[in-house]
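Below you'll find the structure, written out as structure tokens, and then a few comments.
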Number of protein chains: 2
Amino acid sequence: MGPLDAYLPYLLNRAGARLAAAFEKDVRPLGASLQAWRVLAALRERDGRRMGDLSETTAIEVSTLTRLVDGMERRRLVKRQRDPADARVVLLHVAPAGRRLTARLLPIAERYERTALAGFTPREAETLRQALRRLYANMDRLPR
Amino acid sequence: MGPLDAYLPYLLNRAGARLAAAFEKDVRPLGASLQAWRVLAALRERDGRRMGDLSETTAIEVSTLTRLVDGMERRRLVKRQRDPADARVVLLHVAPAGRRLTARLLPIAERYERTALAGFTPREAETLRQALRRLYANMDRLPR
DNA sequence: TATTGTTATACTCTATAACTATA
DNA sequence: TATAGTTATAGAGTATAACAATA
């Protein structure tokens, strides 16, 4: 092991943390947070997801997610709904205000994507995405 | 913007969070943490750093770092020392116990590096590192 | 006056486990 | 008994600002 700067988890975390902190600061004036954005983006991809599903795709702990959604529901961004087929399950749906907020966050997220990847060719960007997916999948070799 | 899975900050954070969580769990029995490891690794690279320098290279907030170092000093892992040249400055040095802990953490860190990069050619791994450094540097285009 | 580091406070996220209600 | 989600609690990190010592 050489310098920290050659150590992958370090590079990963450093880049991720910086991106997250800047984004967070940027969207706070809109009353949003990185975590709320993740939920909205996940629902944008597919609406009516169950809490457990959301927790996995957003990488937010279930108990954290419960309270996050509490707040988002209070602000009428989303709406909880019991699954008629299985009353244990909660399905989360975007509400109109949530759709409006998503529409405002989307261009910001896209700007971050562009900024982060400035100077990358489309091919390099795709290679990076692929590598990150492989890396994530590799972590299955360790116990969760 | 398509699915979350194509969104770079998401991929970055997801991979980083998973790596960090697993590492954290792994080193806790040794009485260490990811943050403590960062400090030790930074001091391994260059001993006697000042707090502000450490804060930057470890990406740990200065106020958090102060308390982290408090604990590490209590456990005799590191030792604070006033800079004789400028008495405002604190220089941090590894202590013998810190060197021993570093020696135990190093193989674990290396295992994580190998696991994360399993199936990558050396060249692919280096490309990924380069891309992460470029990405981090790109964030200078945004206000800190 | 500016800089380095410490302290204080409020807030957020996590980890863990107990709990409720379904199945 | 097992599962989905909620609630409770303690711990760790962050953001922010005030502060002390020194330059």
Side-chain angles (χ1 to χ4, degrees), chain A residues 13-14 16-29 31-39 48-74 78-93 143-144, chain B residues 13-14 16-29 31-39 48-74 78-93 143-144:
Chain A
N13 186 294
R14 194 181 60 157
R18 188 159 181 195
L19 212 43
F23 183 83
E24 186 84 34
K25 198 167 281 183
D26 225 3
V27 301
R28 183 157 305 168
S33 67
L34 176 61
Q35 311 253 56
W37 161 243
R38 286 243 179 83
V39 171
R49 290 182 181 230
R50 35 162 81 196
M51 299 293 282
D53 175 8
L54 276 174
S55 167
E56 259 188 61
T57 61
T58 60
I60 300 171
E61 281 294 315
V62 194
S63 66
T64 305
L65 188 63
T66 292
R67 270 170 309 222
L68 174 62
V69 168
D70 285 348
M72 294 178 73
E73 204 173 15
R74 242 179 278 120
V78 294
K79 184 112 188 67
R80 277 185 174 95
Q81 192 196 332
R82 283 281 162 197
D83 185 344
D86 182 344
R88 291 173 304 184
V89 172
V90 166
L91 303 176
L92 198 66
H93 296 267
R144 294 216 197 206
Chain B
N13 185 293
R14 195 182 60 157
R18 189 159 177 193
L19 214 41
F23 184 83
E24 185 84 35
K25 198 167 281 182
D26 226 1
V27 302
R28 182 157 305 168
S33 67
L34 177 59
Q35 311 254 58
W37 161 243
R38 287 240 179 85
V39 171
R49 290 181 181 231
R50 32 162 83 194
M51 299 293 283
D53 176 7
L54 275 174
S55 167
E56 259 188 61
T57 62
T58 60
I60 299 171
E61 281 295 315
V62 194
S63 67
T64 305
L65 188 61
T66 291
R67 271 171 309 223
L68 175 62
V69 168
D70 285 347
M72 294 177 74
E73 205 173 14
R74 243 179 277 118
V78 294
K79 183 112 188 68
R80 276 185 176 94
Q81 192 195 329
R82 284 278 162 201
D83 185 346
D86 182 343
R88 291 173 303 184
V89 171
V90 166
L91 302 176
L92 199 65
H93 296 267
R144 293 218 193 203

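Naming: A, B, ... by sequence-line order, numbering from 1 per chain.
A side chain to side chain contact (heavy atoms under 4.5 Å, CB included) with Leu92(B) holds for exactly one of Asp53(B), Leu65(B), Val39(B); it is Val39(B). Checked options Arg38(A), Gln35(A), Glu61(A); the residue passing with Leu68(A) is Gln35(A) (criterion: side chain to side chain contact (heavy atoms under 4.5 Å, CB included)).
Here dG5(D) presents its P atom at 14 Å from CD1 of Ile60(A), a figure rounded to the nearest Å. Met72(B) places its CE atom 16 Å from the C1' atom of dG13(D), with the value rounded to the nearest Å. A straight line from CG of Leu68(B) to P of dT14(D) spans 10 Å, rounded to a whole angstrom. Going from atom CG of Leu65(B) over to atom P of dT14(D) covers 10 Å, rounded to whole Å. Taking atom CZ of residue Arg14(B) and atom P of nucleotide dC13(C), one finds them 20 Å apart after rounding to whole Å. Residue Gln81(B) contributes atom CD, which lies 13 Å from atom P of dG5(C) at whole-angstrom precision. In this structure, the CD atom of Glu56(B) is 10 Å from the P atom of dT4(C), given to the nearest Å. Distance NZ (Lys25(B)) to C1' (dA15(C)): 8 Å, rounded to an integer number of Å.
Contacts of Arg67(B) with the nucleic acid, taken as non-hydrogen atoms under 4.0 Å apart, include base atoms. Heavy atoms of Arg28(A) sit nowhere under 4.0 angstrom from any nucleic acid atom. Among the atoms of the strands shown, only primed sugar atoms or phosphate atoms (P, OP1, OP2) are found under 4.0 Å from some heavy atom of Val89(A). In this structure, Val62(B) reaches the bases: a heavy-atom distance under 4.0 Å links it to at least one base atom across the strands shown. Here Asp83(A) lies out of heavy-atom contact (under 4.0 Å) with every strand. Within the nucleic acid shown, Ser33(B) has no heavy atom closer than 4.0 Å to any nucleic acid atom.
Residues Ala85(A) and Glu24(A) each lie close to DNA chain C; by heavy-atom proximity, the contact nearer the 5' end of the strand is made by Glu24(A). Comparing Ser63(A) and Asp86(A) by the nucleotide of DNA chain D that holds the closest heavy atom to each, the one mapping nearer the 5' end is Asp86(A). For the pair Arg82(B) and Arg88(A), nearest-nucleotide mapping onto DNA chain C gives the more 5' position to Arg82(B).
Atoms CG and NZ, from Leu34(B) and Lys25(B) in turn, are 14.0 Å apart once rounded to the nearest 0.5 Å.
When distances are taken from the side chain of Ala87(B) to each of dA23(D), dG13(D), dG5(C), the shortest belongs to dA23(D). With dT7(C), dG5(D), dA2(C) as the choices, the nucleotide that has an atom nearest any side-chain atom of Thr66(A) turns out to be dG5(D). Proximity note for Thr64(B) (side chain, C-beta onward) versus dT4(C), dT16(D), dG13(D): the nearest is dG13(D).
The main-chain N or O of Leu91(B) is never found under 3.5 Å from a side-chain atom of Gln81(B) such that the two would form a donor-acceptor pair. Glu73(B) contributes a side-chain N or O that, together with a main-chain N or O of Arg80(B), makes up a donor-acceptor pair within less than 3.5 Å. Between the side chain of Ser55(B) and the main chain of Ile60(B), a donor-acceptor pair closer than 3.5 Å is present.
Dashed line: the shortest gap from a side-chain N or O of Arg80(B) to OP1 or OP2 of dT6(C) is under 4.0 Å. One finds a side-chain N or O of Gln35(A) lying less than 4.0 angstrom from the OP1 or OP2 phosphate oxygen of dC13(C).
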